[in-house]
Amino acid sequence: MLSSLFLRKATFVAASLFISALAFNSPAVLAEQKADILPNLLTITEWNVPWKDSRPRDPYVAPDGSVWFVGQVGNYVASLNPETGEMNKFDIPGAGPHTVVVSKDGTPWYAGNKDKHIGQMNPQTGEVTLFPMPEGIKDPHTMDWTSDGQLWFTAQWSNVIAKLNTETGKVEKIALPQKNMRPYGLIVGPDDRPWVAFMGTNAIGTINPHTMALEIINTPAEDSLIRRIGIASDGRVWWGDNAMGYIGVYNPKTETMKQWPTPGGEAAGIYALTVDDRDRLWYVETGVQPNRFIGFDTHTEQFISIDDVPSGGITIRHMVFDKKSRAIWFATDANTIGRAMVPK
């Protein structure tokens, strides 16, 4: 189903920053100086994945507390028991899985990024039910659940946002207004409205779940590339600019934006991002080694924490916050699955 399109240029409100009269005290320099005095607030544990160089990624916590993840290069779906450290793997040859999400009944669903399908996996046997993609979708990418158990997903190189009916297999496609917008990160809000980050243009977007109308909202810098996106309890939408080194927020109520330079500056390579249950934004700078977690309080709009990843990380691509375990779950190109316990 093709959507109607609304374009909106968000009003940009500059973040309030103290700027010294000295030229070298730019916002980026001040952010880096402040990082030097930020505390370490996270308690990080990592488990080595036994399948070498398999690029584990995109962990997701199941209702029973097990943590599912995929091996994008290793072509598998796997689970971790955080209490014992035991891991179990199911091979899915040629799938090139990009992400996995787990339904309320404990069933993992993965995105077969290299094989044009979404797969529903039996968690006991590894048996897979395939949902083939229709014409025009070749690379399902990032997925998230609606309240009634349907899956919104992006397809970056197909330039498509879509929704899978998990009962019928029907896929609704949303047409994008430009070529190479590259829809990437996606999250579904409590109102079942998906929000999308675009890697090919300086924008985020959202879809009205009732009318399927697409709205594009430009970010302030034309050179921005937005990888990941998160939602706070007040409805504000947070994003990380991978190209320019900023975190930003869009307020749908006032149609305004703010942004702040990350401590690592333009070369920080902001990637994985999530929001916890106290509305603290956590994201990873992957342009520095070791990778490091940055914490930002969305209420006070202040940076609060900086924590190095013990394994180095290499690249942390996606992560989720789990309220029950009070932890951010992540995976690294250093071949680890990680848990970052957040403070109460």
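Owing to the predicted nature of the structure, the values given are computational and were not obtained by experimental measurement.
Rounded to the nearest 0.5 angstrom, Ile204 CD1 and Glu215 CD are separated by 9.0 Å. One finds the CE atom of Met199 at 5.0 Å from the CG atom of Leu225 (value rounded to the nearest 0.5 Å). To the nearest 0.5 Å, atoms OG1 (Thr201) and NZ (Lys179) are separated by 15.0 Å. Atom CG of Asp192 and atom CG of Asn208 lie 11.0 Å apart (nearest 0.5 Å). Atoms CG and CE, from Asn218 and Met257 in turn, are 7.5 Å apart once rounded to the nearest 0.5 Å. Between atom CD1 of residue Ile306 and atom CG of residue Leu38 there is a gap of 6.0 Å, rounded to the nearest 0.5 Å.
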Report, one line per pair, each donor and acceptor closer than 3.5 Å where one atom sits in a side chain of residues 104-111; sequence neighbours left out.
unit_1, atom_1, unit_2, atom_2, d
Lys104, NZ, Ser147, O, 3.4
Asp105, OD1, Ser103, OG, 2.3
Asp105, OD1, Thr107, N, 3.1
Asp105, OD1, Thr107, OG1, 2.9
Tyr110, OH, His117, NE2, 2.8

If you look only at distance, which donor and acceptor atoms sit under 3.5 Å apart when one is on a side chain in residues 123-136 and the other is two or more places apart or in another chain?
unit_1, atom_1, unit_2, atom_2, d
Thr125, OG1, Glu127, N, 3.2

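Side-chain atoms of Asn291 come within 3.5 Å of backbone atoms of Ile316 as a donor-acceptor pair (strictly under, hydrogens ignored). A donor-acceptor pair is defined here as one N or O able to donate and one able to accept, closer than 3.5 Å; no such pair exists between the side chain of Asp297 and the backbone of Arg280. With hydrogens and angles disregarded, no donor-acceptor distance shorter than 3.5 Å links the side chain of Ser224 to the backbone of Asp241. With hydrogens and angles ignored, the 3.5 Å screen pairs a side-chain donor or acceptor of Thr84 with a backbone N or O of Glu86. Distance alone, capped at 3.5 Å, is enough to place a donor-acceptor pair between the Asn242 side chain and the Ile270 backbone. Looking at Thr315, its side chain never comes within 3.5 Å of a backbone N or O of Arg317 through a donor-acceptor pair. Checking side-chain atoms of Thr166 against main-chain N and O of Gly149 turns up a donor-acceptor pair under 3.5 Å. A donor-acceptor distance shorter than 3.5 angstrom exists from the side chain of Thr168 to the backbone of Lys170, with no hydrogens or angles considered. Listed for the Arg57 side chain is a donor-acceptor partner under 3.5 Å among the backbone atoms of His98. Between the side chain of Thr298 and the backbone N or O of Asp279 there is at least one donor-acceptor pair closer than 3.5 Å.
Using a cut-off of 4.0 Å between Lys/Arg side-chain N and Asp/Glu carboxylate O, Asp277 and Arg326 are scored as salt-bridged. No salt bridge links Arg339 with Glu46; every basic N to acidic carboxylate O contact stays at or beyond 4.0 Å.
In plain terms, the two heavy atoms of Ala155 and Ile137 that are nearest each other are CB-CG2, 3.9 Å. A pairwise comparison of heavy atoms in Val67 and Pro59 identifies CG1-CB, 3.6 Å as the closest pair. Taking every heavy atom of both residues into account, Met87 and Pro50 meet most closely at SD-CD, 3.6 Å. In plain terms, the two heavy atoms of Ser311 and Thr332 that are nearest each other are OG-OG1, 4.0 Å. Between Asp144 and Val188 the shortest heavy-atom distance is OD2-N, 2.8 Å. Nearest heavy-atom pair across Ala340 and Leu42 is CB-CD1, 4.1 Å.
Hydrophobic clustering (ILVMFWY, side-chain heavy atoms < 4.5 Å, transitive): Ile247 and Met319 are in distinct clusters. Neither Ile229 nor Val284 shares a network with the other; the hydrophobic side chains, linked directly or stepwise wherever heavy atoms of I, L, V, M, F, W or Y lie under 4.5 Å apart, form separate groups for each. By the criterion of side-chain heavy atoms lying less than 4.5 angstrom apart, applied directly or through intervening Ile, Leu, Val, Met, Phe, Trp or Tyr residues, Val70 is not grouped with Ile337; the two fall into different hydrophobic clusters. Transitive grouping of hydrophobic side chains (ILVMFWY, heavy atoms separated by less than 4.5 Å) keeps Trp329 and Val342 in distinct clusters. Ile216 and Ile207 end up in the same hydrophobic cluster when Ile, Leu, Val, Met, Phe, Trp and Tyr side chains are linked at under 4.5 Å.
Ring centroid separation for the pair Phe296 and Trp282 does not come in under the 6.0 Å cut-off. Taking the six-membered ring for Trp and the full ring otherwise, Trp260 and Trp239 have centroids separated by 6.0 Å or more. Under the 6.0 Å cut-off for aromatic ring centres, Tyr271 and Tyr283 do not qualify, their centroids lying 6.0 Å or more apart. Ring-centre distance between Tyr184 and His141: below the 6.0 Å cut-off.
By the 4.5 Å heavy-atom criterion applied to side chains, Ser305 and Asn40 are not counted as neighbours. Counting only heavy atoms from C-beta outward, the side chains of Val61 and Trp68 never approach each other to under 4.5 Å. For the pair Pro56/Asn335, a side-chain contact is recorded, criterion being any heavy-atom separation below 4.5 Å from C-beta on. Between Leu176 and Leu214 there is a side-chain heavy-atom pair separated by less than 4.5 Å. Residues Pro93 and Asn75 fail the side-chain proximity criterion, which asks for heavy atoms closer than 4.5 Å. Inter-residue side-chain proximity for Thr219 and Ile226 is flagged as met; some heavy-atom pair is nearer than 4.5 Å. Looking at Ile304 and Leu41, their side chains come closer than 4.5 Å, going by heavy atoms from C-beta outward. Counting heavy atoms from C-beta outward, Met143 and Trp152 have side chains that stay 4.5 Å or more apart.
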message = Would Asp139 and Ser158 count as a side-chain hydrogen bond (donor to acceptor under 3.5 Å, both in side chains) here? Give the steps.
response = CA-CA 7 Å; Asp139 58 334; Ser158 302; 2.6 Å; yes

key: Audit row: Asp322, Lys324, salt bridge (charged side-chain N to carboxylate O under 4.0 Å, His left out) steps and yes/no   = CA-CA 6 Å; Asp322 175 59; Lys324 186 175 180 181; over 6 Å; no

query = Between Val160 and Ile174, does a side-chain contact (heavy atoms from CB on, under 4.5 Å) hold up when you go through it step by step?
reply = CA-CA 6 Å; Val160 168; Ile174 305 298; over 6 Å; no

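Residues Ser54 and Tyr76 have side chains that bring a donor and an acceptor to within less than 3.5 angstrom of each other. Looking at Asn81 and Ser79, their side chains never bring a donor and an acceptor atom within 3.5 Å of each other.
A cation-pi arrangement is present between Lys89 and Trp51, with the terminal nitrogen or guanidinium carbon under 6.0 Å from the aromatic centre and inside a 45° cone about the axis.
Counting non-hydrogen atoms of neighbouring residues, nucleotides and ligands closer than 6.0 angstrom, the CD atom of Gln289 exceeds 12 such neighbours.
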